[in-house]
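Working notes for the structure below.
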Amino acid sequence: MRKIVYITAILLVASCSKQSEFDAQGTFEATEIVISSEANGKILNFDIDEGEHIDVGTAICTIDSTQLHLQRKQLMAQQAALLDSRPDINKQASSLHNQISTQRKELNRIENLLKDGAATQKQYDDIDAQIKILESQLEATLSTLNKNTTSISNNSIALDAQIDALSDLITKCKVTSPVKGSVLVKYAEVGELSSVGKPLVKIADLDNIYLRAYFTSTQLANLKLGDEVTVVADFGGDERHDYKGRITWISSESEFTPKTIQTKDSRANLVYAVKIAVKNDGRLKIGLHGEVTL
């Protein structure tokens, strides 16, 4: 009986000793980005695989843009026809300009004759009135032609915007990666129909991973951003590896202890989440258990 009690005591001491080896624990995480489609159409190619490492700008997939190209071609033809219909203001107003010029010369001739008594005042007044009528006609014609030209130009600008929108959609049919990382999940395959907002791939930068650990308020008093700590990755069994970590974020709000986490102070119900950046040597994976020693 004493032997059993002695063995139990040893186990309890070993258990307490093991529990006190770390100050906090948590799981490894990485910043994950889900890249979604920004266009509608059939997926023509999707050349990346899960687990593949890709860089910024790497082509992910291509979506069929045939209809978009045809719509843009149609709009460009409409715009060309519209611009060709712009009135030639100088040519259309040249006739009135010539008539006014002729009448002014005639007015000068009548004015000279009137001084010599060879013409009447009525002849002078009639030509002067005709010039005013022609000038009014010219003003109205120029106003109409300018309005038509402005309207055509505005319509052309509107078509430009539509063409630019289609060009932007065509560009978005070629999906590229905005970040560097590893492909975690593919949500689509070649031949499937894509739509705006449909998830295509999930990417995460596994080179720069972090441990989300939970500390009590008592422990938090001794932590600050930039502090270096020791992170122990638990690979199961007796396989454990130490990594240098640096605190990059401390939550400003407390939360209840996650069920999967056992803090050093088991009596504390509220803990604070802390992110600890760790340089991945290729062994660390998302979801792997880790412990922190201050």
Side-chain angles (χ1 to χ4, degrees), residues 31-48 52-101 133-181 183-205:
T31 302
E32 301 177 359
I33 297 177
V34 176
I35 300 177
S36 301
S37 173
E38 296 183 81
N40 299 319
K42 184 178 181 180
I43 298 177
L44 299 180
N45 61 61
F46 208 142
D47 295 333
I48 62 172
E52 181 178 344
H53 183 81
I54 59 177
D55 294 319
V56 177
T58 299
I60 294 176
C61 73
T62 301
I63 299 172
D64 186 14
S65 59
T66 302
Q67 294 300 317
L68 296 175
H69 278 286
L70 293 175
Q71 291 176 29
R72 184 175 66 174
K73 185 176 180 180
Q74 181 182 13
L75 287 176
M76 292 174 69
Q78 291 179 4
Q79 185 183 46
L82 182 65
L83 293 176
D84 287 341
S85 68
R86 286 181 299 183
D88 190 330
I89 296 177
N90 291 331
K91 287 185 178 180
Q92 295 193 32
S94 63
S95 176
L96 288 172
H97 279 298
N98 291 336
Q99 292 181 51
I100 292 173
S101 178
I133 292 173
L134 290 173
E135 288 176 341
S136 296
Q137 291 177 356
L138 177 61
E139 184 179 357
T141 299
L142 291 175
S143 177
T144 301
L145 293 176
N146 285 326
K147 287 181 180 179
N148 290 340
T149 301
T150 301
S151 177
I152 291 172
S153 297
N154 289 337
N155 289 333
S156 177
I157 293 173
L159 288 174
D160 264 333
Q162 295 180 49
I163 292 171
D164 289 342
L166 286 173
S167 297
D168 181 61
L169 287 176
I170 291 172
T171 301
K172 291 177 179 176
C173 286
K174 295 181 179 180
V175 183
T176 58
S177 175
V179 296
K180 179 181 73 172
V183 179
L184 301 181
V185 185
K186 284 180 66 175
Y187 296 108
E189 294 294 341
V190 173
E192 292 184 7
L193 186 64
S194 178
S195 58
V196 175
K198 175 183 173 66
L200 297 174
V201 292
K202 180 188 287 186
I203 298 174
D205 183 6

For Asp168, enumerate each residue passing the side-chain hydrogen bond (donor to acceptor under 3.5 Å, both in side chains) test, keeping only those at least two apart in sequence or located in another chain.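 Expected list: Lys172.
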side-chain hydrogen bond (donor to acceptor under 3.5 Å, both in side chains) partners for Asn45, two or more places apart: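 Thr62.
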Distance check, rounded to the nearest 0.5 Å: [X] atom [atom1] versus [Y] atom [atom2]?
X	Y	atom1	atom2	value
Ile170	Ile63	CD1	CD1	13.0 Å
Lys73	Leu166	NZ	CG	14.5 Å
Ile100	Gln137	CD1	CD	8.5 Å
Asn155	Thr150	CG	OG1	11.0 Å
Thr171	Asp164	OG1	CG	10.5 Å
Thr58	Ile203	OG1	CD1	8.5 Å

Quick check: closest heavy atoms across [X] and [Y], and the distance to 0.1 Å?
X	Y	value
Ile48	Ala59	CG2-O, 3.8 Å
Ala39	Ser194	O-OG, 3.7 Å
Phe46	Val201	CZ-CG1, 3.5 Å
Lys42	Leu193	N-CD1, 3.8 Å
Leu169	Glu38	CD2-O, 4.1 Å
Leu184	Ala204	CD1-CB, 3.5 Å

Sidechain-backbone polar pair: [X] side chain, [Y] backbone, donor-acceptor under 3.5 Å:
X	Y	value
Ser143	Glu139	no
Asp205	Gly181	no
Ser101	Asn98	no

Is there side-chain contact between Ile43 and Glu189, with heavy atoms separated by less than 4.5 Å?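 Heavy-atom side-chain distance check fails, nothing below 4.5 Å.
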For [X], which residues count as a side-chain contact (heavy atoms from CB on, under 4.5 Å) partner, sequence neighbours excluded?
X	result
Ser153	Thr149
His53	Asp55, Lys180, Ser182, Asp207
Ser167	Arg72, Ile163
Ala93	His97, Leu138, Leu142

Salt bridge (Lys or Arg N to Asp or Glu O under 4.0 Å) involving [X] - partner list, sequence neighbours excluded:
X	result
Asp64	none
Glu192	none
Lys198	none
Lys174	none

All N/O donor-acceptor pairs, side-chain side in residues 77-87, below 3.5 Å, sequence neighbours left out:
unit_1, atom_1, unit_2, atom_2, d
Gln79, NE2, Ser156, O, 3.1
Gln79, NE2, Ser156, OG, 3.2
Gln79, NE2, Asp160, OD1, 2.9
Gln79, NE2, Asp160, OD2, 3.4
Ser85, OG, Leu82, O, 2.5
Arg86, NE, Leu83, O, 3.1

Can you list every pair that meets salt bridge (Lys or Arg N to Asp or Glu O under 4.0 Å) and has a residue in residues 144-157, with sequence neighbours left out?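 For residues 144-157: none.
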